[in-house]
Amino acid sequence: MTQIDAFLPYEQELVAIRRHLHQHPELAFAEHATADYVAQSLSSWGYEVTRGIGGTGLVGTLRCGDGAKRLGLRADMDALPIQEQTGLDYASVQPGCMHACGHDGHMAMLLGAAKYLARHRRFSGTLNLIFQPAEERGFDSGGKAMVEDGLFERFPCDAAYAIHNHPGEPQGNFMMRAGPFMAAGDRVFATIVGVGGHAARPHLAVDPLVAAAAIVTSLQTVVSRNVDPSESAVVTVGRLQAGDALNVIPQSAEIGISVRSFSPATRLLLKQRIQALITGIAEAHGARAEIKYIEGYPMLVNDAAAVDLAGAVATDLVGAERVTMEFPQLMGSEDFAYMLQACPGALIRLGNGPTANGRSLHNPQYDFNDRNLPYGAAFWSQLAERFLA
């Protein structure tokens, strides 16, 4: 079976691929040049490439031998609307856009495995490499779009896997968990509409900012006083915007909320309580609320058998002491969940090293750890060899 050492001679090639992708990021559903680069690479190695799946998504297919099993391996392609502040010589050349979540590394690891597997062909069956757009979108994402575009009808898979890097865990460590692993994620946009007026005559106005402030404070009780303490949930107000001048009571205020949960019952409870609080408090202040509640990614659930195989591969590569089979549940959300609803499989986390100096996800100083490239490529290669034996 393939080991990490097999990729050490190609490490600089993998680094060059990753840094090229890092330097040329593209946002959700705009990954045209990225898809071109991936498609050209896969085609040159003998893969049959199908493009335009769920927008800018693509699949590279390689068949070897007469095996009947089919495996899907997925990497996400999109970047984030963040101005990079790393100062690296391969920093993003696109203003206000950077790979601040490691998708450049995810693609490079899978491309490295793709080239290796095509060269050595130590498997028998069908390998589908899924390069997905728009993971960062939060709703109506690339994973959902590809599934709705017939991904698994057109490219049937007996199992599908994905890797996401994980800053804060030691570089090269593998973390996974069977069952519910990542939370469902919803978004709420509330506009509190009052009556604007002069700051010196508040009695003639209806101040939406005061109502919004009361709403923000009260939302802190939704989890602590409504959700069963044995359940995990998060309600975070990430945006509060109102007014432009000190002597003006604004006409409206806007609140943006991120909601995370792990069970359908808790997800529904949060929706009901959040909407009731916003509406009631707005009315109590003489204002009214306009609420847009967007249900985003579903809970990500890993298949137990898929996790067992991933754990066996990771253990063979780095040793049992560097593999965590029952990693804690994560409150972040992942649209690979849509693919796992349609096909059994698992999402695996790969330690990216310390988070010092901004090396954390969605940070303008973040950078994927290039030392992980042989680890991820070897993991994908051995997983394919085992699954398609």
Side-chain angles (χ1 to χ4, degrees), residues 27-28 76 78-82 98 100-103 134-144 164-168 180-192 208-209 211-229 231-242 252-282 289-301 328-338 347 349 355 358 360-364 366:
L27 298 176
D76 32 17
D78 59 322
L80 284 156
I82 294 175
M98 75 170 288
C101 199
H103 296 185
E135 189 279 326
E136 299 288 2
R137 186 171 166 82
F139 66 99
D140 292 338
S141 65
K144 181 181 181 184
H164 201 293
N165 73 102
H166 194 101
F181 190 27
M182 298 187 69
D186 301 327
R187 309 200 304 172
V188 188
F189 299 92
T191 300
I192 311 304
L209 204 160
I215 289 168
V216 171
T217 300
S218 294
L219 285 172
Q220 310 310 308
T221 68
V222 171
V223 173
S224 66
R225 289 298 177 267
N226 292 271
V227 176
D228 186 329
E231 289 282 339
S232 296
V234 174
V235 175
T236 296
V237 178
R239 185 171 73 192
L240 174 59
Q241 296 177 340
S252 64
E254 295 183 358
I255 305 171
I257 310 165
S258 176
V259 184
R260 313 283 175 152
S261 58
F262 263 104
S263 77
T266 299
R267 191 178 193 182
L268 178 59
L269 172 66
L270 292 172
K271 181 177 182 179
Q272 293 171 339
R273 292 300 303 136
I274 289 169
Q275 291 187 123
L277 273 174
I278 293 173
T279 300
I281 294 173
E290 299 173 353
I291 304 172
K292 186 175 183 181
Y293 203 108
I294 301 174
E295 293 191 359
Y297 302 163
M299 179 173 59
L300 184 143
V301 182
Q329 291 178 326
L330 302 171
M331 294 310 298
S333 302
E334 233 293 349
D335 82 334
F336 188 58
Y338 291 111
L347 180 135
R349 309 289 291 197
T355 58
S360 185
L361 299 179
H362 295 206
N363 186 291
Y366 171 80

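We number each residue from 1, following the sequence as shown.
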With side chains defined as the heavy atoms from C-beta onward, is the minimum distance between [X] and [Y] less than 4.5 Å?
X    : Y    : answer
S141 : E135 : no
D76  : E334 : yes
L361 : P167 : yes
V223 : V234 : no

Positive for side chain to side chain contact (heavy atoms under 4.5 Å, CB included) with I192, one of I291, I215, L240 | I215
Pick from V259, I281, I257: which one makes a side chain to side chain contact (heavy atoms under 4.5 Å, CB included) with L219?
-> I257
Least distance between heavy atoms, [X] atom then [Y] atom:
X    : Y    : answer
Y293 : D186 : CE2-CB, 3.9 Å
S232 : M331 : CB-SD, 3.8 Å
G185 : R267 : O-NH2, 4.2 Å
A212 : A253 : CB-CB, 3.9 Å
M98  : Y366 : CE-O, 3.6 Å
R239 : F189 : NH2-CD2, 3.4 Å

With a 3.5 Å distance limit and no angle check, can you tell me whether [X] reaches the backbone of [Y] through a side-chain donor-acceptor pair?
X    : Y    : value
D335 : G143 : yes
Y297 : G138 : yes
D78  : E136 : yes
Q329 : P180 : yes
T279 : A276 : no

Could you verify whether a donor N or O on one side chain and an acceptor N or O on the other, from T266 and S263, lie under 3.5 Å apart?
-> yes
Pair R187, S258: side-chain N/O donor-acceptor within cut-off below 3.5 Å =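 Per modelled atom types, R187 and S258 side chains form no pair under 3.5 Å.
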Check step by step if side chain to side chain contact (heavy atoms under 4.5 Å, CB included) holds for R349 and M182.
-> CA-CA 11 Å; R349 309 289 291 197; M182 298 187 69; 3.7 Å; yes
Cation-pi between R137 and F139: NZ/CZ under 6.0 Å from ring centre and within 45° of the ring axis?
->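 Relative to the ring axis of F139, which defines the angle, R137 lies inside both limits.
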Go through the steps to decide whether C101 and L80 satisfy the test side chain to side chain contact (heavy atoms under 4.5 Å, CB included), and finish with yes or no.
-> CA-CA 8 Å; C101 199; L80 284 156; 4.1 Å; yes
Trace of the side chain to side chain contact (heavy atoms under 4.5 Å, CB included) decision for I294 with V188 = CA-CA 6 Å; I294 301 174; V188 188; over 6 Å; no
